[in-house]
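What follows is a set of notes on a single structure, which appears directly below.
Residues take their numbers from the sequence shown, with the count starting at 1.
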Amino acid sequence: MLLVCWCGLAQARAPAKAATTPPPDAAQREFAAEVERDGGPPAATVLATHAGAKRQQSILDAISKPAEATRTWAQYRPIFLGQQRIDAGVTFYREHRELLDRIGAEQGVAPEILVAIMGVETGYGKITGKYRVLDALATLACHNPPRARFFRGELKQLFLLGDAHLAYPLDELRGSYAGAMGWGQFMPTSIAQWARDEDGDGRIDLWNSLPDISASIANYFVAHGWQAGAPVAIRAQPAATATPPPEPGLDPVYTVQQLEAWGYAPTEHVDAATPATLLALEGERGVEYWLIFGNFRAITRYNKSPMYALAVYQLAQAIAAGAAVP
């Protein structure tokens with residue numbers, strides 16, 4: 001399969017006198033034909049839409065230095081666990097409790113987790129992204145070689161979604177520098193597989209329909225293994241003779257009992273047979289040890305960083321605690 005190379009993308013800051021748009025090259029024509037062949041709009045429409053895409057250097061700069069890759073847990077945690085974000089989450093949950101509790105109960109996902117995802121991703125819908133999604137995906141499909149194939153697939157899926165499934169025209173959609181959209185920051189393939197039209201208006205609106213937003217996030221978690229009422233993460237107290245697990249990772253391949261035998265005792269009660277693994281992060285007061293479970297792994301399916309997952313979980317706990325206060 002050809003990797004589409006959008007090398008003809010115009011710079012975002014074009015000169016005052018616009019240059020003539022070059023004709024599509026073979027890779028672009030193949031991409032457009034593939035979209036049409038797989039049920040998307042006609043190839044001519046794909047090419048015409050893409051002709052307006054612009055290369056954005058700021059997108060390439062941003063994707064080269066994600067926060068998770070440059071910060072420790074001690075530095076990362078305060079970004080998402082500040083009192084202002086917690087208070088905003090409590091207020092948001094209280095205002096929309098009926099809807100969030102209903103969706104949470106129907107799908108088996110704790111409503112505070114849904115709120116925390118919105119809080120971490122977009123500040124409860126306040127910052128959903130300034131980039132045209134078309135520009136972001138086209139830029140990264142050509143100018144980010146390590147993940148060009150991934151973003152080509154996302155660009156293709158964007159065209160396959162089309163105006164019939166999204167609430168706004170494709171070339172008007174705004175999102176993150178990576179092309180993620182809406183309050184929950186869904187990529188096009190995530191919209192295609194897991195987004196839901198909860199309000200029943202025939203379209204998926206991840207910007208202005210809280211029912212669609214909440215149900216889509218919940219459905220994503222269900223599809224990625226979330227178990228109602230199961231633990232997420234519990235602090236562990238290491239013994240002086242503690243031995244690290246032989247195979248570190250995020251999959252819960254051991255049991256709590258085995259981790260205890262290796263010297264990592266949970267600080268809360270949990271069934272000894274529960275599948276788990278160990279996470280170590282550099283906190284403010286040294287290394288923190290956590291037993292993490294299947295639901296933690298489900299959060300990392302949303303974002304692979306364990307720091308992200310722990311931030312979501314701790315924010316959810318704080319929101320739930322705050323909302324419970326009369």
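- Annotation for A136 and S176: closest pair CB-O, 3.9 Å, computed over non-hydrogen atoms.
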### side chain to side chain contact (heavy atoms under 4.5 Å, CB included) between D87 and Q84, worked out
CA-CA 5 Å; D87 292 343; Q84 183 176 358; 5.9 Å; no
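- Considering all non-hydrogen atoms of both residues, L310 and A233 come closest at CD1-CB, 4.3 Å.
- Hydrophobic clustering places Y313 together with I117 (ILVMFWY residues linked when any side-chain heavy atoms are closer than 4.5 Å, directly or through intermediates).
- The pair R149-E154 fails the salt-bridge criterion, with no side-chain N (NZ, NE, NH1 or NH2) lying under 4.0 Å from an Asp/Glu carboxylate O.
- The neighbour count for R285 CZ, taken as heavy atoms of other residues, nucleotides or ligands under 6.0 Å away, does not exceed 12.
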### Task
With side chain to side chain donor-acceptor pair (under 3.5 Å) as the test, would you mind laying out the steps for W290 and E288 before giving the verdict?
CA-CA 7 Å; W290 293 83; E288 297 179 7; 3.1 Å; yes
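- Using a 4.5 Å heavy-atom threshold, the side chains of P306 and L250 count as touching.
- Summarising the geometry, atom CG belonging to L206 is positioned 6.5 Å from atom CD1 belonging to I213; distances are rounded to the nearest 0.5 Å.
- At a cut-off of 3.5 Å, with distance as the only test, no side-chain donor of T49 or D171 sits close to an acceptor on the other residue.
- Using a 3.5 Å distance cut-off with no hydrogens or angles, the side chains of S58 and Y131 do pair a donor with an acceptor.
- Y289 and L281 fall into different hydrophobic clusters, where Ile, Leu, Val, Met, Phe, Trp and Tyr residues are linked whenever their side-chain heavy atoms come under 4.5 Å apart, directly or through other members.
- Side-chain N/O atoms of W73 and Q75 include no donor and acceptor closer than 3.5 Å.
- Hydrophobic clustering, with ILVMFWY side chains joined whenever heavy atoms are under 4.5 angstrom apart, keeps I234 apart from I113.
- With D199 contributing its side chain and P211 its backbone, the two residues share no donor-acceptor pair below 3.5 Å.
- L166 places none of its side-chain heavy atoms less than 4.5 Å from the side chain of R203.
- Between L137 and G179, the shortest heavy-atom distance links the atoms CD2-CA, 4.0 Å.
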### Message
I'd like to know whether L158 forms a side chain to side chain contact (heavy atoms under 4.5 Å, CB included) with L173, so could you lay out the CA-CA distance, the side-chain angles of the two residues, the decisive distance to 0.1 Å, and finally the verdict.
### Response
CA-CA 10 Å; L158 182 68; L173 298 173; 3.9 Å; yes
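- Remark: L161 CG to L170 CG distance equals 8.0 Å, nearest 0.5 Å.
- The side-chain heavy atoms of F31 and L155, taken from C-beta on, include a pair separated by under 4.5 Å.
- By the 4.5 Å heavy-atom criterion applied to side chains, M118 and L210 are counted as neighbours.
- Taken from CG in L134 to NE2 in H50, the straight-line distance is 6.5 Å, to the nearest 0.5 Å.
- When all heavy atoms are compared, the tightest approach of V90 to A323 is CG1-N, 3.8 Å.
- Annotation: side-chain hydrogen bond (donor to acceptor under 3.5 Å, both in side chains) contacts involving residues 101-130, sequence neighbours excluded, comprise Y93-D101, R102-E106, R102-E198, E121-Y308.
- Atoms CD1 and CD, from I217 and Q185 in turn, are 10.0 Å apart once rounded to the nearest 0.5 Å.
- Scanning for side chain to side chain donor-acceptor pair (under 3.5 Å) contacts around N208 gives Y168, with sequence neighbours left out.
- Atom-to-atom distance recorded for R77:CZ and T72:OG1 is 12.0 Å, nearest 0.5 angstrom.
- In this structure, L60 is a member of the same hydrophobic cluster as M187, with clusters built from ILVMFWY side-chain heavy atoms closer than 4.5 Å.
- Looking only at side-chain heavy atoms (C-beta outward), P266 and R235 stay at 4.5 Å or farther from each other.
- In this structure, Q28 contributes its side chain and D25 its backbone to a donor-acceptor pair below 3.5 Å.
- The ring-ring contact (aromatic ring centres under 6.0 Å, His included) test with H224 is passed by exactly one of W226, F221, Y220: Y220.
- If you check the side chains of R55 and Q57, you find a donor sitting under 3.5 Å from an acceptor.
- Dense packing is recorded around CD of Q193, with more than 12 heavy atoms of other residues, nucleotides or ligands lying under 6.0 Å away.
- Without hydrogens or angle criteria, T255 side chain to P275 main chain gives no donor-acceptor distance under 3.5 Å.
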#### Entry: Intermediate values then yes/no, side chain to side chain contact (heavy atoms under 4.5 Å, CB included), T139 and F151
CA-CA 9 Å; T139 295; F151 286 107; over 6 Å; no
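- Every residue meeting the salt bridge (Lys or Arg N to Asp or Glu O under 4.0 Å) condition with R297, not counting sequence neighbours, appears here in chain and number order: D251.
- From L259, atom CG reaches atom OG1 of T243 across 11.5 Å, with rounding to the nearest 0.5 Å.
- No side-chain heavy atom of I299 sits less than 4.5 Å from a side-chain heavy atom of N295.
- Under a hydrophobic-cluster definition in which Ile, Leu, Val, Met, Phe, Trp and Tyr are linked whenever side-chain heavy atoms come within less than 4.5 Å, directly or via other members, W262 and V270 are assigned to the same cluster.
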### D212 and R196: CA distance, side-chain angles, deciding distance, side chain to side chain contact (heavy atoms under 4.5 Å, CB included) verdict
CA-CA 6 Å; D212 289 5; R196 295 183 57 170; over 6 Å; no
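- Note on R29 versus E34: no salt bridge recorded, every NZ/NE/NH1/NH2 to OD/OE distance being 4.0 Å or above.
- By the side chain to side chain contact (heavy atoms under 4.5 Å, CB included) test, A242 pairs with P238, Y264, sequence neighbours left out.
- Side chains of V120 and N303 form no contact here, defined as non-hydrogen atoms less than 4.5 Å apart.
- When all heavy atoms of T300 and S305 are compared, the closest pair comes out as CG2-O, 4.3 Å.
- Every residue was checked against the side chain to side chain donor-acceptor pair (under 3.5 Å) condition with R85, not counting sequence neighbours, and none meets it.
- With sequence neighbours excluded, the residues that form a ring-ring contact (aromatic ring centres under 6.0 Å, His included) with W183 are F92.
- A 4.5 Å side-chain heavy-atom check between P146 and N144 finds at least one atom pair inside the cut-off.
- Shown here for R174 and W207, the closest heavy-atom pair between the two residues is O-NE1, 3.4 Å.
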